[in-house]
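The structure appears right after this line, and notes come after that.
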Amino acid sequence: MNTFNNHNPNKNNQFNSVYINPGIQELLQASLLLKKQQKVLFIIEQDLQRNDHFVTTRTFPFHLFEIPSLQSNFHTMQKVIALAPHLFQPQKVLYVSKKRPRRFTAVLADYLYKNAYQEKLEVFESKQLEQLKFIREPFRKGIYFQEYKYNISRLFIELLKHFEAQGGTVKVNCPTERNEGKIIFQQTREKVFGEHVINCKTPESTNYLIPINAPTGFSMVFQDSTQAFRFSEYDDFLMAEPLDEASSRIDEQNFLSLVQKLFQPAIHEAQKKRNSTAPISGIFQMLDRQMEHPLACTFQNLELKDIHEHCLEKYDLAKQTGISYSNFKVLYHRYGAAINEMTEEAYSKMNTFRNPAKIWNAAEQKYQKEKEWGTNRANTHFNV
């Protein structure tokens, strides 16, 4: 990790641009400045988001006029997937409607996308899946369509590491004060100077948490003439995410009316949840233009279609530490090629710990501290 040299602040602590609490878009913009030989500093005042945060794409067309733009976005997405295939996972999404969605539109999208996983379309009937009985009968019809979910929190961390490797400077867990053009780190009283200081504000949207226990990995999209929402399983709740501007402005009472129409039993309240948002297609386009090679976390010569089998192979090398496949899979998809280093560390910890959770917590914590600005309080996956 880069650090500051305090002996010559005029030389070492002077930056062309300083970004405070940046997101992926600012990160990609700043990467262009590095190519122009500018000095750029990223300050993240809190810790990084170390838990996995998955975002699901939408390539299913709501109508024929959407197909050209969605087809273009899909091909861009395929190139971005190649940058870090382990951060992407196929996701079957149920698109429902009181009237069956137009199969012709879905078939045409299947043909145009020429998806590597072959046909994505599957007409859904309610009798196929008993688990979906919480959906009201009129809406138990639709189309299963293969989308993708990607780990945006991990993608940000890997891009941040790439930014530093290209010559950028990163400071994490560093709350600041601003005084007469200087930025002062509260903990160390260290000062830095920037010609341009950009205070970044991540756009947010209001999602809702509905008290419905949906199947693990469940994702459903409902769209009519006035609104569009994605409903997905989230920590024993069903989370509703608006998919267009009109839906993001819906008031709570109208939202509850929609939920009561779609699901049973009747739901009378929901929790609001503020989530950061990012324009997926815009980010993918920027990544496609700027990134010429896969990220350092990527397994060489490995495509998305090979990930499942490769994960099993890596698990065979790690299972004697006592880790379960489900827990190993989480770490594999989180860290990619770093799983090799973490597996070696886990084996070295077997003489210290007997509990697999403690072994892998220690391995993950060490990796975060050495490679990802982590601390001794690093957030880990396993409960001990």
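- With respect to the salt-bridge test (charged N to carboxylate O, under 4.0 angstrom), the residues Arg189 and Glu177 qualify.
- Under the 6.0 Å cut-off for aromatic ring centres, Tyr150 and Phe284 qualify, their centroids lying closer than that.
- The structure places CD of Gln29 at 5.0 Å from CE of Met286, a figure rounded to the nearest 0.5 Å.
- In this structure, Arg178 pairs ionically with Glu45, as a charged nitrogen and a carboxylate oxygen lie closer than 4.0 Å.
- Contacts classified as salt bridge (Lys or Arg N to Asp or Glu O under 4.0 Å) and involving residues 53-63 (residues at least two apart or in different chains) are given here: Arg58-Glu66.
- Once rounded to the nearest 0.5 Å, the distance linking OH of Tyr315 with OG of Ser326 reads 8.0 Å.
- Using modelled atom types and a 3.5 Å distance limit, the side chains of Gln368 and Tyr335 yield a donor-acceptor pair.
- Partner of Thr206 under the side chain to side chain donor-acceptor pair (under 3.5 Å) criterion, chosen from Glu252, Arg274, Lys272: Arg274.
- Ring pair Tyr208/Phe229: centre-to-centre distance not below 6.0 Å.
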Run the salt bridge (charged side-chain N to carboxylate O under 4.0 Å, His left out) check on Lys161 and Glu158 step by step: do they pass?
CA-CA 5 Å; Lys161 290 154 69 175; Glu158 295 297 347; 3.3 Å; yes
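- Follow the hydrophobic side-chain contacts under 4.5 Å out from Phe42 and you reach Ile283 in the same cluster.
- Hydrophobic clustering, defined by side-chain heavy atoms of Ile, Leu, Val, Met, Phe, Trp and Tyr closer than 4.5 Å, groups Met239 together with Leu209, Tyr234, Phe237.
- Side-chain contact, Thr59 with Thr57: no donor N or O sits under 3.5 Å from an acceptor N or O.
- The six-membered or imidazole ring of Phe218 lies near that of Phe134, with a centre-to-centre distance under 6.0 Å.
- When the ring pair (Phe, Tyr, Trp, His ring centres under 6.0 Å) test is applied to Tyr347, no partner is found at least two apart in sequence or on another chain.
- The existence of a salt bridge linking Glu137 and Arg140 is confirmed by a sub-4.0 Å separation between a basic side-chain nitrogen and an acidic carboxylate oxygen.
- By the rule that hydrophobic residues join a cluster once side-chain heavy atoms approach within less than 4.5 Å of another member, Met350 and Tyr367 end up as members of one cluster.
- Aromatic ring centres of Phe88 and Tyr148: separated by at least 6.0 Å.
- A salt bridge is absent between Glu341 and Lys366: the closest approach of a Lys/Arg side-chain nitrogen to an acidic carboxylate oxygen does not fall below 4.0 angstrom.
- With rounding to the nearest 0.5 angstrom, the NE2 atom of His308 is 10.5 Å from the OH atom of Tyr332.
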